K.L.:
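Sharing a structure with you now.
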Amino acid sequence: MSKTALRPPRGMRDFYPDDFRRRAWLFDHFRTVGQSFAFEEVDAPMLEHAELFTRKAGEEIVDQLYHFELHDRHLALRPEMTPSIARMVIAQAGSLRMPVRWFTVTQNWRYERMTRGRKREHFQWNMDVWGEPSVTAEAELIAAIFSLLDQVGLPRGEVKIRINSRALLEETLRKGVLAQRPEAFAPLCVVIDKLDKIGADAVIDQLTDSEGAVGLDETSAREVVGLLQLRDLDEAARHAPAGSHAFEELKRLFSLLEAYGVREDVIFDASVVRGLAYYTGIVFEAFDAAGTLRAICGGGRYDNLAQTLGGKPIPAVGFGFGDVVLGELLSDKGLWPELPRCVDDLIFPFGESEREAAIQIATRLRGQGRRVELILDSPKLKRAMIDANRIGAQRIWMLGPDEISRGHAKVRELATGKESEEPINPD
RNA sequence: GUGGGCAUAGCUCAGCUGGUUAGAGCACCGGAUUGUGAUUCCGGGGGUCGGGGGUUCAAGUCCCCUUGUCCACCCCA
């Protein structure tokens with residue numbers, strides 16, 4: 001066996017018991033929040049037809065897919081959950097009571113360069129609403145995100161959510177610099193998504209690149225970048241067409257979020273457009289207030305996806321929330337809780353002649369729903385006590401020849417040191 | 001893909017300009033007289049110094065290659 005084969009592939013993780021308890025703790029919160037919003041949990045295959053993903057995002061993502069061909073089928077590990085959910089909704093659209101509210105907790109894969117907060121395999125909590133065109137759905141989803149953040153112990157203010165509307169930007173630009181060429185809007189979004197990363201000058205360079213898909217003149221490009229600097233909703237509205245529907249929706253969303261009690265932690269930010277091609281309306285992303293990490297989660301409205309995939313049009317909105325960046329944030333803030341093993345009873349037979357009685361006790365207690373570790377080897381009592389202490393057991397049951405002859409086990413409460421006798425076979 | 005840092009025990013690391021047999025803390029295992037947890041004390045196991053090649057009387061230390069990892073950029077959710 002080569003040395004590399006003894007390690008997980010790059011970007012993949014092992015979960016040892018300590019890691020797994022954290023993961024389970026986090027997933028529990030994902031599920032608790034999903035259920036508390038009355039969303040239903042669903043799942044789909046982790047392996048899908050590669051076409052499900054390539055169709056939506058174009059050819060570039062093929063390079064990031066874990067994919068292979070087998071028996072003339074081209075299959076891929078899912079890089080995100082939305083296409084699979086869309087597939088499921090489309091398949092049963094006729095019988096589903098809309099709006100559909102579903103959530104998932106799934107593993108996803110994406111072959112790309114690793115950086116902090118990004119691996120090649122991660123778990124993602126997804127919540128989606130299908131069949132609801134109004135921003136009541138967005139508000140509910142954003143409220144769910146804050147609910148999760150509350151649950152994991154992040155104080156309000158540590159995480160903010162930036163919100164924008166692609167629809168508002170599109171309306172504004174069609175009135176002005178893109179009046180003659182609406183088709184340039186999508187590539188324009190791709191360029192301006194980079195504003196934070198490459199800076200205004202580089203964005204203007206790309207927008208004015210005569211070889212590029214956007215091809216604005218410099219004055220127009222500066223105007224666009226200027227629009228992205230807006231952080232005041234009313235000011236953004238003044239640039240939009242009169243009676244803008246997108247603006248009304250944004251305003252309604254913010255007022256709904258006020259009712260949810262999260263208005264303080266959401267920000268209008270005209271530069272948020274998100275990278276995925278299928279977003280059509282409201283887009284949002286959560287980030288740590290210090291701004292040191294990648295986005296914690298992100299989502300938006302994708303009203304055209306169902307139709308793009310070959311179904312009837314169904315409006316939809318959702319978000320994906322990964323486990324990695326949130327985990328980094330909890331580590332940075334020292335907010336991971338102590339997650340001890342939860343063993344109730346440790347059963348210790350001094351010798352093999354007491355094992356049968358030990359098994360009877362263990363079986364009975366397990367039947368009562370207690371978590372019971374039966375000592376399998378033959379350590380000294382001191383060793384067993386240390387172990388009991390370490391795993392956080394409440395009680396240790398000691399069984400020696402004396403106890404057997406009296407039909408009782410000696411039971412010690414670890415916390416108090418108090419010892420008592422319990423019958424081996426109570427009736 | 002580009003540039004840089006790091007790689008020594010299970011973990012975190014020390015090891016000065018090359019120089020005896022590579023260390024510490026924690027962890028692990030054992031003991032401190034009969035079947036009882038903490039602290040303490042004593043003892044123990046464990047390292048191809050990431051891998052390969054080179055320079056040298058001598059390499060953990062210097063050089064080259066390689067693999068892994070982290071950071072920044074690039075790219076992208």
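Small disclaimer: the values here were computed from a predicted structure and weren't measured. Every chain is numbered from 1, with letters handed out A, B, ... down the list of sequences.
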K.L.:
If we check ring pair (Phe, Tyr, Trp, His ring centres under 6.0 Å) with A:W125, which of these qualifies: A:F319, A:F39, A:F27?
P.N.:
A:F319
K.L.:
At under 4.0 Å between heavy atoms, what does A:R116 touch on the DNA or RNA strands: base, sugar-phosphate, or nothing?
P.N.:
sugar-phosphate
K.L.:
Using whole Å, report how far CG of A:D14 lies from P of B:rC11.
P.N.:
13 Å
K.L.:
Expressed as a whole number of Å, how far does the C1' atom of B:rG60 sit from that of B:rU17?
P.N.:
15 Å
K.L.:
Rounding to an integer number of angstrom, what distance separates B:rC75 and B:rU56 when you compare their C1' atoms?
P.N.:
46 Å
K.L.:
Distance between the C1' atoms of B:rA14 and B:rC71, in whole angstroms?
P.N.:
24 Å
K.L.:
Checking base pairs now: Watson-Crick or wobble, both atom distances under 3.5 Å. What partners B:rG1?
P.N.:
B:rC73
K.L.:
With a 4.5 Å heavy-atom cut-off, do A:I145 and A:V159 have their side chains touching?
P.N.:
no
K.L.:
Mind checking whether A:W102 and A:W130 have ring centres under 6.0 Å apart?
P.N.:
no
K.L.:
Would you say B:rC76 has OP1 or OP2 under 4.0 Å from some side-chain N or O of A:R118?
P.N.:
no
K.L.:
For a quick test of reading the model: is some side-chain N or O of A:K410 closer than 4.0 Å to OP1 or OP2 of B:rU36?
P.N.:
no
K.L.:
Out of B:rG35, B:rC29, B:rG31, which nucleotide sits closest to the side chain of A:L381?
P.N.:
B:rG35
K.L.:
With a 4.0 Å heavy-atom cut-off, tell me which residues in residues 140-149 of chain A come close to RNA chain B, sorted by residue number.
P.N.:
none
K.L.:
Verify the contact: side-chain N or O of A:R390 to OP1 or OP2 of B:rC28, cut-off strictly under 4.0 Å; return yes or no.
P.N.:
yes
K.L.:
Could you walk me through whether A:E352 and A:R355 pass salt bridge (Lys or Arg N to Asp or Glu O under 4.0 Å), step by step?
P.N.:
CA-CA 5 Å; A:E352 287 311 303; A:R355 182 161 299 282; 2.7 Å; yes
K.L.:
I'd like the P distance from B:rA24 over to B:rG15, given in whole Å.
P.N.:
15 Å
K.L.:
With respect to the phosphate group of B:rC76, does any side-chain polar atom (N or O) of A:R110 fall under 4.0 Å of OP1 or OP2?
P.N.:
no
K.L.:
Does A:R383 put a side-chain nitrogen or oxygen below 4.0 Å from OP1 or OP2 of B:rG30?
P.N.:
yes
